[in-house]
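Here's the structure, in structure tokens; my notes come after.
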Amino acid sequence: MSGNAIEIEGLSKTYAAHSGEPAKTALQDVNLEVPAGSIFGLLGPNGAGKSTLINILAGLVRKSAGNVRIWGFDHDVNPRQSRAAIGVMPQELNLDPFFTARAALDVQAGLYGVPKRERRTEEILDLIGLTDKADAYSRTLSGGMRRRLLLGKALVHRPRVLVLDEPTAGVDIELRQMLWSNVRKFNREGMTIILTTHYLEEAEEMCDEIAIIHQGRKIAHESTDTLIGQLDAKSLLIHPTQPFDGDIRLPEGVELEHRPDGALALSYRRGQTAAEDILDAVRAAGIRIADVATEEPHLEDVFLALTSSRGTGGEEVA
Ligand SMILES: Nc1ncnc2c1ncn2[C@@H]1O[C@H](COP(=O)(O)OP(=O)(O)OP(=O)(O)O)[C@@H](O)[C@H]1O
């Protein structure tokens, strides 16, 4: 195996037209390499194509074109081995309501051909904190417990790669902490982790590398440090004591926007300009400052910045 847990080349997916809906291209010519042993973030706005990509990896959706290798096994040549190398915790709570938690894990292990003596059902129940709910039917479990059970199901066959699709959307703090401490533990033990999320902060905290998918294309793939470094756009929001509608001689790269409420929004890059220099320029224009605040970029801004600066044609930049 190369040093990559996942290798994707020219991956495209078009969902066929159905029930009056036109055909929909969800992924277009995506190339992606996920290093073995990393925690990898797949980010993108709603409908970007993240779940489609994950479902292709999991063998749940058929690709239209391209190649996928998981742990060195080609999806088309060695489908069984490539599926066995990956475990997916899906977004939807798609559990069979008539199975108990223990049975759900046992059946899943059976589906993956794990011999009875090698099954780790009790160990996994303990890991996901469901030992005392082992005999409860999944329909009686709370939303958080069902999510834990989905994590357990993804682990029954000891996958090399664990994929978590939006694992923290709408979950409480306790479950979030349980998830992240387990993810870190699995990763220390050598498991490669891929997670999708809408939350940039979460990806920043957890991931070694981040890829951003937008309208079915990969528009960025960087180490987390490099990506966050590029996203150092910030704004100073200055409320003058007197209305001001003139111009200010600003340091290079700083842009002024007059807000309807009279505030002056000065956008700049932290790596390029010191806030102090902007404040000096504002004072030099004779403006007295009543109040000052800062605005951080949102992930939406990041997507906008990346898509507009790199063209809506979406050419790849990684
Ligand atoms: N089974 C399907 N049939 C037709 N179109 C689909 C199907 N599944 C997804 N799509 C479309 O493909 C595009 C990508 O969807 P996908 O669910 O992969 O995005 P996503 O990035 O996972 O979004 P979200 O974060 O909302 O889950 C969307 O436009 C979606 O409407």
Side-chain angles (χ1 to χ4, degrees), residues 6 8-32 34 39-68 70 75 83 86-95 143 146-147 150-151 153-154 161-171 175-176 179 183 193-207 209-222 224 227 298-307 310 312-314 316-318:
I6 306 262
I8 292 172
E9 284 163 9
L11 185 64
S12 296
K13 172 67 191 179
T14 299
Y15 290 103
H18 65 94
S19 14
E21 293 286 324
K24 171 78 202 173
T25 297
L27 290 175
Q28 273 188 79
D29 199 20
V30 171
N31 298 317
L32 192 65
V34 177
I39 302 185
F40 192 95
L42 200 57
L43 268 70
N46 280 325
K50 305 179 297 292
S51 296
T52 299
L53 195 151
I54 283 171
N55 287 335
I56 291 173
L57 292 179
L60 301 172
V61 166
R62 285 174 70 91
K63 60 188 163 66
S64 306
N67 292 313
V68 172
I70 303 178
H75 238 35
R83 268 202 69 184
I86 196 167
V88 178
M89 178 185 170
Q91 220 176 106
E92 315 88 67
L93 301 174
N94 59 350
L95 289 162
R146 288 181 205 190
R147 264 183 203 273
L150 288 173
L151 173 65
K153 281 181 70 179
V161 183
L162 175 66
V163 181
L164 308 161
D165 193 1
E166 297 277 354
T168 55
V171 310
L175 178 52
R176 189 180 291 237
L179 263 170
V183 160
I193 312 283
I194 301 177
L195 68 98
T196 76
T197 176
H198 291 285
Y199 307 117
L200 186 62
E201 315 81 65
E202 198 161 88
E204 187 176 348
E205 191 189 325
M206 294 296 297
C207 301
E209 293 190 15
I210 293 176
I212 298 182
I213 308 270
H214 180 68
Q215 295 178 347
R217 291 181 180 267
K218 186 183 78 181
I219 59 165
H221 173 192
E222 309 274 7
T224 306
L227 192 71
H298 294 292
L299 189 54
E300 310 317 319
D301 301 329
V302 172
F303 291 133
L304 275 177
L306 283 168
T307 46
R310 287 163 190 188
T312 42
E316 263 185 32
V317 292

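Remember, it's 1-based here, ligands and their atoms both numbered in the order they're listed.
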Sub-4.0 Å atoms of ligand 1 with respect to non-hydrogen atoms of Lys50: 18 (O), 19 (O), 20 (P), 21 (O), 22 (O), 23 (O), 25 (O)
Protein heavy-atom partner closest to atom 5 (N) of ligand 1 - residue, atom, separation in Å: Tyr15 CD1, 3.4 Å
Shortest non-hydrogen separation from Gly44 to Lys50 and the atoms involved: O-NZ, 2.8 Å
Got the closest protein heavy atom to atom 16 (P) of ligand 1, with its distance? Thr52 OG1, 3.7 Å
Looking at every heavy atom in both Ala203 and Ile210, which two are closest together, and how far apart are they? CB-CD1, 3.8 Å
Ranking Ser51, Ala17, Gly49 by closest non-hydrogen atom to atom 21 (O) of ligand 1, top hit is Gly49
Considering only the protein, which heavy-atom contact is closest to atom 26 (O) of ligand 1, and what is its distance? Asn46 OD1, 3.0 Å
Record the part of Glu21 in heavy-atom contact with ligand 1 below 4.0 Å; permitted values are side chain, backbone, both and neither. neither
To check your reading of the model: name the closest protein heavy atom to atom 11 (C) of ligand 1, its residue, and the distance in Å. Lys24 CG, 3.7 Å
Considering heavy atoms of the protein only, find what lies nearest to atom 23 (O) of ligand 1 and give residue, atom and distance to 0.1 Å. Gly47 N, 2.7 Å
Nearest protein heavy atom under 4.0 Å from atom 2 (C) of ligand 1, yes or no: yes
Atoms of ligand 1 less than 4.0 Å from Ala26 heavy atoms? 12 (O), 13 (C), 14 (C)
Applying a strict 4.0 Å limit to heavy atoms, is Lys13 in contact with ligand 1? no
